[in-house]
Amino acid sequence: METIYVGIDVSKDRLDVHVRPGEEAFAVARDGKGLEELVARLQAISPVLIAVEATGGFETIVAAALAGAQLPLVVVNPAQIRHFAQPVGQRAKTDPIDAAVIARFVEAVKPEPRAMPDQEARLLAELVSRRRQIIEMIVAERQREKRAENVRVRKSLVRHIKVLEKELPEIDNDIDTLVRGSPVWRAKEELLVSFPGVSNTLARTFLAEVPELGTLNRRQIASLAGLAPLTRQSGRWKGKSMIGGGRAKLRAGLYMAALSASRYHPQLKVFYRRLVTAGKPKMVALIAVARKVLTTLNAMLRDQKPWQPA
């Protein structure tokens with residue numbers, strides 16, 4: 001039997017599908033009827049892996065339908081697809097071509113499929129994301145208020161800021177109710193906040209942005225956050241290792257945790273100062289601290305043990 005790989009390009013109204021190695025291509029509507037047809041056609045060919053490109057949230061309903069049908073699924077970062085398309089010489093861009101590139105990518109790279117988060121996990125992720133959006137809007141509106149010269153404009157900005165500030169505790173309450181209502185999440189949160197520098201807000205960000213925490217090894221979890229150093233070497237030439245990719249929102253949360261840990265965590269404070277004293281740039285040292293924070297949190301959830309001072 002042939003080993004079959006499938007790439008799916010998601011747009012607002014339709015799904016373009018490409019099957020390798022048979023090069024079959026078809027499209028279905030991105031609605032209930034189209035998803036039923038898609039699931040039926042894919043179940044008939046039994047692919048070993050299906051890749052869906054993350055497309056501004058449009059992929060969520062598609063991924064949920066495929067995961068619900070127990071089909072092997074991976075949601076891939078669009079940047080990975082773009083980088084893959086460049087060396088294979090694919091410059092033209094249409095939805096069917098994108099689906100073919102995704103199929104070629106998943107066949108060549110074979111990323112590991114992961115379980116889709118359930119409905120409550122997706123709700124938590126949306127609430128945490130909404131909280132972050134509200135904070136960003138408050139900061140932006142305050143900056144505009146400082147620059148505004150017109151009195152009516154300033155009053156409008158003040159009114160909007162008050163509305164956003166009123167909404168923020170309501171979102172916090174929804175997140176708290178959701179986490180506290182789940183014994184599993186409550187137990188995970190209590191483990192995470194035992195680590196110096198991880199607040200309840202950060203713990204909930206980690207629960208929302210990286211549900212895999214505690215189930216992967218240290219290399220996999222670092223790669224997921226985009227904190228694994230990527231080697232750059234060709235022949236005798238060796239460039240500097242760099243980080244990249246991964247989940248930006250998770251990395252932002254880790255940056256905040258690393259800032260706190262570099263000041264208040266007993267061991268990581270010493271680790272950070274040692275790197276800086278050795279001549280490492282402060283940002284490089286902070287990234288190293290963030291990586292240690294992440295791998296430690298991962299081990300704590302894996303072993304179901306709170307943080308203990310060495």
Side-chain angles (χ1 to χ4, degrees), residues 10-12 53-61 75 77-80 82 117 120-180 185 189 192-193 197-211 213 224-227 242-264 281-287 289-291 293-294 297:
V10 181
S11 59
K12 183 178 180 180
E53 187 180 40
T55 315
F58 289 139
E59 80 285 350
T60 304
I61 187 173
V75 178
N77 190 317
Q80 292 178 288
R82 287 196 301 272
E120 285 193 343
R122 292 196 296 273
L123 175 58
L124 177 62
E126 288 188 16
L127 286 171
V128 169
S129 179
R130 183 57 184 160
R131 183 184 190 278
R132 181 168 47 250
Q133 291 165 3
I134 290 173
I135 291 174
E136 289 172 355
M137 284 190 286
I138 290 173
V139 171
E141 291 291 72
R142 283 176 177 166
Q143 292 298 320
R144 294 186 186 103
E145 182 194 0
K146 290 178 181 179
R147 296 193 300 268
E149 296 181 0
N150 185 280
V151 175
R152 292 185 64 182
V153 172
R154 283 203 302 272
K155 287 183 177 180
S156 172
L157 289 165
V158 169
R159 286 196 300 270
H160 191 208
I161 291 169
K162 287 182 178 179
V163 170
L164 293 171
E165 288 177 337
K166 183 180 178 181
E167 182 69 16
L168 191 58
E170 294 184 12
I171 291 288
D172 284 335
N173 184 61
D174 289 342
I175 293 173
D176 186 71
T177 300
L178 191 60
V179 172
R180 290 292 161 185
W185 281 347
E189 182 187 28
L192 291 173
V193 298
V198 175
S199 63
N200 291 88
T201 299
L202 273 178
R204 291 166 186 181
T205 298
F206 295 145
L207 289 175
E209 301 296 344
V210 59
L213 197 64
L224 198 65
L227 292 177
M242 301 177 67
I243 64 169
R247 298 177 185 174
K249 295 173 185 176
L250 167 60
R251 198 160 53 250
L254 285 168
Y255 176 75
M256 298 304 297
L259 274 177
S260 179
S262 66
R263 298 172 185 172
Y264 306 113
K282 290 185 178 180
M283 182 55 70
V284 171
L286 204 59
I287 290 170
V289 172
R291 192 158 51 241
V293 169
L294 179 61
L297 296 178

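Heavy atoms only: backbone and side chains are in, while hydrogens, waters and symmetry mates are out.
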Identify each donor-acceptor pair in which a side-chain atom of residues 142-151 lies under 3.5 Å from a protein atom, sequence neighbours left out, and give them as a table.
from : atom 1 : to   : atom 2 : distance (Å)
R142 : NH2    : E165 : OE2    : 2.4
R144 : NH1    : E141 : OE1    : 2.4
N150 : OD1    : R152 : N      : 2.8
N150 : OD1    : V153 : N      : 3.2

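L168 CG to I135 CD1: the interatomic distance, rounded to the nearest 0.5 Å, is 5.5 Å. Rounded to the nearest 0.5 angstrom, K155 NZ and R159 CZ are separated by 8.5 Å. The line from CZ of R251 to CD1 of I287 is 9.0 Å long, rounded to the nearest 0.5 Å. F206 CZ to L297 CG: the interatomic distance, rounded to the nearest 0.5 Å, is 6.0 Å. To the nearest 0.5 Å, atom CG of residue L178 and atom CZ of residue R180 are 12.0 Å apart. Here the straight-line distance linking atom CG of L202 with atom CG of L207 works out to 11.0 Å at 0.5 Å rounding.
For the pair I134/R130, a side-chain contact is recorded, criterion being any heavy-atom separation below 4.5 Å from C-beta on.
Every residue meeting the side chain to side chain donor-acceptor pair (under 3.5 Å) condition with R132, not counting sequence neighbours, appears here in chain and number order: E209. In this structure, the side-chain contact (heavy atoms from CB on, under 4.5 Å) partners of A261, at least two apart in sequence or on a different chain, are H265, L268, V289, V293. A search for side-chain contact (heavy atoms from CB on, under 4.5 Å) contacts involving A125 returns A208, not counting sequence neighbours. Annotation: side-chain contact (heavy atoms from CB on, under 4.5 Å) contacts of V179 (sequence neighbours excluded): L124, I175, W185, E189, R204. The side chain to side chain donor-acceptor pair (under 3.5 Å) search around D172 returns R131, not counting sequence neighbours. Judged as a salt bridge (charged side-chain N to carboxylate O under 4.0 Å, His left out), and not counting sequence neighbours, R154 has no contacts. Listed by chain and number, the residues in a side-chain contact (heavy atoms from CB on, under 4.5 Å) with T177 are N173 (sequence neighbours excluded).
Taking all atoms of both residues into account, the shortest heavy-atom contact from L286 to S262 is CD1-OG, 4.0 Å. The shortest heavy-atom contact between G197 and S260 is CA-OG, 3.2 Å.
Residue-environment remark: CE (M256) stays at or below the threshold of 12 foreign heavy atoms within 6.0 Å.
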